[in-house]
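Please read the structure below before turning to the comments.
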Amino acid sequence: MTNQYLFNKIETKWQKRWKESKIHSPDLTKSMKKYYALTMWPYPSGDKLHIGHWYNYGPADTYARFMKMKGYNVFQPQGFDAFGLPAENYAIHHKVHPALSTEKNIATMKKQLDSIGAMYDWQNEIRSCAPEYYKWTQWLFLKLYDMGLAYRKTAPVNWCPSCGTVLANEQVKDGVCDRCKEQVTKKELTQWFFKITDYAEELLQNLDELDWPEKTKHMQQNWIGKSVGANIIFKIKEYDDTIEVFSTRSDTIFGATYLVLAPEHPLVKNIIPSEYKETVDSYIAITKEKTEIERMSLDREKTGVFTGVYAINPLSKAEIPIWVADYVVSSYGTGAIMAVPSGDERDFEFANEFGLPIIEVVSPDGELHGNDQCYSDYGISVNSGEYSGKPTESVQKLINAQLDELGCGGAKIQYKLHDWLISRQRYWGTPIPIIHCPACGIVPVEMNELPVLLPEDIKLSSTYGDELSPLAASDSYINVKCPKCGGDAKRDADTMDTFVCSSWYYLRYPNAHYSEGPFDPDRLKWLPVDCYIGGAEHATMHLLYARFITKALRDGGYLNFDEPFTKLYHQGTITRDGTKMSKSRGNTVSPDEFIENYGSDTFRAYLMFMGPFDEGADWSDQGITGIDRFLKKVWRFCQLPDSHNSSSKKDLQVLHHTIQTVSSDLEHMKFNTAISRLMEFINHFSNYEEIESSFKLNLIKMIAPLTPHIAEELWEINGGGESVFLEAFPEFDAALAEEDTIAIAVQVNGKLRGNIEVVKTLEKDALLLEARKHENVHHYLAGKEIIKEIVVPQRLVNFVVK
RNA sequence: GCCGGGAUGGUGGAAUUGGUAGACACGCUGGUCUUAGGAACCAGUGCCCUUGUGGUGUGAAGGUUCGAGUCCUUUUCCCGGCACCA
């Protein structure tokens with residue numbers, strides 16, 4: 001054999017050819033049989049491509065290439081989520097301007113992305129930090145502002161001291177910053193929000209129709225957190241103020257024996273009588289010092305103090321004490337509850353702790369059971385005035401109606417979802433296109449003035465750590481004339497959360513350099529994205545934001561579809577020794593070393609072979625030799641001299657069966673088993689010295705999506721055309737794929753006692769006869785009475801004997 | 001605490017959805033070729049034993065069935081998400 005598999009030479013050769021021939025740039029003016037395959041864009045923070053990138057992009061490309069060979073017009077773009085904190089921190093650390101370090105990092109990353117051998121259409125590359133892109137992110141902001149979906153409010157927000165910026169709810173996990181793991185504190189700030197809550201119901205409803213992992217849908221469902229109940233307004237005795245609470249169990253209102261306000265509730269400041277002030281203030285001071293973690297820990301005892309004030313139950317007119325306790329959180333509902341100790345475990349515990357009254361209002365059977373236990377299910381109302389004796393579900397409806405009539409509340413739906421806080425007190429992001437004028441207030445920048453460019457004269461890191469944004473320090477940037485009155489005004493000093501950049505980027509790819517608008521209306525026929533692949537960690541962030549922005553733009557008249565990503569897939573995680581790879585653990589695996597030794601085809605195929613794509617697998621250094629051997633066998637097989645004898649029936653059967661299983665596996669992204677099937681194929685022919693040419697060509701087409709470089713080279717060597725990716729994926733012939741004879745298992749009492757080889761068409765009776773003839777089976781049947789004979793066509797025979 | 005997902009050889013993982021458990025690989029053992037091999041090829045490899053087409057075996061214990069990795073009940077552990085959500 002003269003011809004050796006020199007992966008290095010082959011891979012550079014084909015990467016160059018693909019680039020030159022622009023084979024990966026489809027004609028986007030035509031959308032017949034379009035297939036928009038997208039992966040989540042990478043974040044050029046300064047690291048090399050790590051194994052996680054490869055595990056996302058390699059298999060995703062295999063799928064895209066498979067779809068192309070299935071006859072689709074595939075568009076697979078790539079770009080860079082280049083704005084953001086890590087990029088800015090990287091720049092500060094290396095003492096360069098983020099624009100420069102980002103550009104350098106992107107250049108490195110692009111080279112590495114090329115080594116994957118993916119069919120990226122670099123003609124339509126996007127960088128979120130490019131003015132030609134962020135101009136339209138600003139456009140998006142202004143459109144949302146026009147639609148009343150972007151607004152400013154003062155609220156206690158999450159502040160990360162280490163990042164020096166506020167964070168959205170979604171970016172705080174267990175009380176710490178999702179990025180840097182620093183404790184997040186609360187700050188009262190005036191910030192921009194996007195009104196995602198307007199879409200809570202639709203975001204929830206549409207989940208049903210999406211071809212997404214159930215897990216992800218569940219997470220979004222929980223995050224949106226819909227609960228159906230009622231709001232109830234309590235008057236405060238001797239005050240004009242009222243307290244509004246939300247309850248899912250308004251039917252238990254007669255059992256409300258006290259109200260609880262969260263320590264952060266605004267009324268706490270106003271209504272406390274002087275003799276109670278000291279106690280309440282010191283309690284609030286203590287709770288403030290507790291961290292989120294401490295407040296969330298479950299086993300801790302309930303604490304609280306009485307305010308000295310009473311509220312009046314709108315239905316029973318009972319006077320009930322108002323307490324302050326930190327088991328009520330300010331961020332949900334109204335930050336206040338009516339406590340019904342007989343029907344809620346938490347209230348029950350609190351009432352017992354502080355000797356508050358308990359009134360039984362729900363009974364499972366209509367009888368009274370006393371107050372020494374809590375019953376939280378539905379049942380029959382008791383001790384509830386005119387409602388007593390009725391089923392609680394109907395009581396709830398009646399009470400909601402009555403509350404409404406009395407002007408004291410009524411039926412209400414409450415969501416956990418909060419509006420999206422998008423202001424960031426950092427430099428490296430899209431400037432918010434708003435001017436604050438002392439005379440005119442908030443004035444949006446005119447559309448034709450966009451983009452509002454990021455200033456370059458910035459002293460980075462100088463102002464970080466307090467709430468003043470770096471942009472505020474740039475005089476040339478911050479000081480402007482008001483577009484309305486011409487007077488002195490200031491620009492908004494904040495930039496937008498990077499998730500705003502990624503909430504719409506998929507709309508721009510089909511015409512990435514379009515200058516007339518954010519997206520070419522004509523190219524929208526490429527939308528929505530047919531298949532989106534990326535990490536599951538974005539379930540309640542990016543993936544929720546993108547859905548919201550799509551719906552908002554639809555309502556603005558810019559889009560005619562409801563959902564951005566028709567089908568979603570998450571790659572799993574590659575672990576090392578059972579744990580996540582991380583630099584701090586020192587258990588990372590660098591792809592480069594393996595690509596150098598084995599080539600990128602081998603590397604990406606190995607990643608796919610390790611385990612199911614959505615589950616990931618544990619990395620092993622030596623496992624890759626299996627793929628290495630396989631590709632060498634493929635290479636050798638494709639160098640075999642052509643045979644001119646017609647192939648055996650068995651060979652044809654193996655070929656067609658392989659086509660059948662590999663097609664179906666690739667279709668379902670079961671890359672690991674697809675590779676196994678191809679290994680079986682190659683093993684079948686391991687000792688052949690010549691082979692009919694069509695076998696080679698079919699094999700090459702089948703491995704092409706998985707290992708594109710070697711496939712192209714072998715295709716060329718075997719006299720194929722310009723590129724194997726212009727070919728169709730092989731079709732199988734069902735008749736040829738089946739074997740004539742099959743092995744039937746013969747069991748006696750469910751235990752395997754033999755195998756028989758029979759023709760497929762054999763009738764049941766003949767089959768039983770054959771089975772009985774089997775020597776070992778015969779032995780087990782001897783002297784026994786056959787009670788039952790079970791025949792599973794083409795599988796097994798089971799004799800039940802006594 | 002609640003909601004998801006999972007547990008199969010020494011290792012990664014297969015299993016037509018109730019029908020021969022362990023495909024395909026890695027590793028290991030033995031062999032062939034070789035000056036050599038971290039190359040290639042061949043054979044073997046769940047466990048146990050009395051080596052028989054013997055017993056046993058899919059986290060554990062029960063159950064349904066002719067037949068269970070797959071269905072049901074109980075239970076242990078692991079991973080992900082949410083968490084005093086009223």
Side-chain angles (χ1 to χ4, degrees), chain A residues 173-174 213-223 225-227 229 245-249 252 260 262 295-300 302 325-329 331-340 343-347 349-350 376 414-416 536-537 539-540 573 575 578-580 606 609-612 614-627 629-630 632-633 636 661 664 670 672-680 683 686-687 743-755 774-777 779-780 787-801:
Chain A
K173 299 270 146 80
D174 295 330
E214 287 303 317
K215 188 177 79 179
T216 309
K217 293 201 219 175
H218 252 104
M219 279 166 68
Q220 291 209 349
Q221 207 175 314
N222 290 338
W223 192 260
K226 179 181 183 175
S227 41
V245 304
F246 174 76
S247 172
T248 52
R249 292 298 300 273
T252 64
V260 186
R295 274 188 71 163
M296 285 188 309
S297 72
L298 274 174
D299 46 348
R300 66 170 240 279
K302 290 211 166 20
D326 69 357
Y327 83 92
V328 172
V329 296
S331 54
Y332 181 73
T334 60
I337 61 154
M338 67 170 195
V340 182
D344 183 288
E345 291 289 351
R346 295 153 302 180
D347 299 341
E349 193 193 318
F350 191 83
S376 57
Q414 181 70 46
Y415 299 92
K416 280 206 284 182
E537 68 275 13
T540 54
T573 333
T575 55
T579 51
K580 257 188 198 157
Y606 178 51
F609 183 63
M610 287 199 314
D614 56 347
E615 284 174 36
D618 199 60
W619 175 267
S620 132
D621 282 355
Q622 42 198 19
I624 197 168
T625 57
I627 298 290
R629 286 173 194 158
F630 166 65
K632 283 176 180 156
K633 286 182 204 171
R636 210 177 314 140
T661 51
S664 139
K670 291 164 78 178
N672 56 334
T673 48
I675 294 171
S676 297
R677 301 302 152 230
L678 291 164
M679 285 172 165
E680 284 175 310
N683 290 346
S686 64
N687 56 5
I744 301 277
V746 186
Q747 300 180 333
V748 179
N749 283 345
K751 288 206 163 71
L752 183 68
R753 297 302 178 192
N755 277 295
H774 188 278
E775 197 185 333
N776 195 43
V777 174
H779 170 250
Y780 279 94
I787 309 168
K788 209 169 172 184
E789 294 164 333
I790 291 146
V791 177
V792 182
Q794 317 209 1
R795 295 246 170 265
L796 63 70
V797 172
N798 187 14
F799 295 105
V800 184
V801 300

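Everything numeric in this text was worked out from a predicted model, so none of it was measured. All chains are named by letter (A, B, ...) in the order of the sequence lines, taking the proteins before the strands, and each is independently numbered beginning at 1. These values consider heavy atoms only, across backbone and side chains, with no hydrogens, waters or symmetry-generated copies.
Here the side chain of A:Val792 is nearest to one of B:A86, B:G19, B:G13, namely B:G19. Proximity note for A:Gln747 (side chain, C-beta onward) versus B:G19, B:C24, B:C82: the nearest is B:G19. Which of B:G19, B:G81, B:C3 sits closest to the side chain of A:His218 comes down to B:C3. Taking every side-chain heavy atom of A:Pro612 into account, B:A14 is the closest of B:A86, B:A14, B:A25. Here the side chain of A:Val328 is nearest to one of B:A86, B:G4, B:A23, namely B:A86. Nearest to the side-chain atoms of A:Thr673 among the listed nucleotides B:A15, B:C26, B:G19 stands B:A15.
For the atom pair CZ of A:Arg677 and CG of A:Asn672, the computed distance is 9.0 Å after rounding to the nearest 0.5 Å.
The glycosidic torsion of B:U75 lies more than 90° away from 0, placing the base in the anti range. In B:G37 the O4'-C1'-N dihedral to the base is more than 90° from 0, which defines an anti nucleotide.
Between A:Ser686 and the phosphate of B:C41, there is no side-chain N or O to OP1/OP2 separation shorter than 4.0 Å. Phosphate contact (OP1/OP2 of B:U20, side-chain N/O of A:Arg753, threshold under 4.0 Å): absent. In terms of phosphate contacts, A:Tyr332 brings no side-chain nitrogen or oxygen within less than 4.0 Å of OP1 or OP2 of B:C82. The phosphate of B:A15 (OP1 or OP2) has a side-chain N or O of A:Lys670 nearer than 4.0 angstrom. Neither OP1 nor OP2 of B:G67 sits under 4.0 Å from any side-chain N or O of A:Arg795. Checking the phosphate oxygens (OP1, OP2) of B:A25, a side-chain nitrogen or oxygen of A:Asn683 falls inside 4.0 Å.
Within 3.5 Å, a donor on the side chain of A:Asn798 pairs with an acceptor on the base of B:C66, or the reverse.
Rounded to the nearest Å, the gap between the P atom of B:U8 and that of B:U70 is 14 Å.
A:Thr248 approaches A:Ser227 most closely through the heavy-atom pair CG2-CB, 4.0 Å.
Contact annotation: the side chain of A:Met679 approaches that of A:Ile627 to within less than 4.5 Å [non-hydrogen atoms, C-beta and beyond].
Here A:Thr625 lies in heavy-atom contact (under 4.0 Å) with sugar-phosphate atoms only. A:Tyr780 comes within 4.0 angstrom of the backbone, heavy atoms only, and of no base.
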Please write out the pairs of protein N or O atoms and N or O atoms of nucleotides 61-63 of chain B separated by less than 3.5 Å, giving the distance to one decimal.
none

- Whenever both distances are under 3.5 Å in a Watson-Crick or G-U wobble pair, mark it; put RNA chain B into dot-bracket that way, with [ ] for crossing pairs and | when the partner is on another strand. (((((((..(((......[....)))((((((.......))))))((((..).)))..(((((..]....))))))))))))....
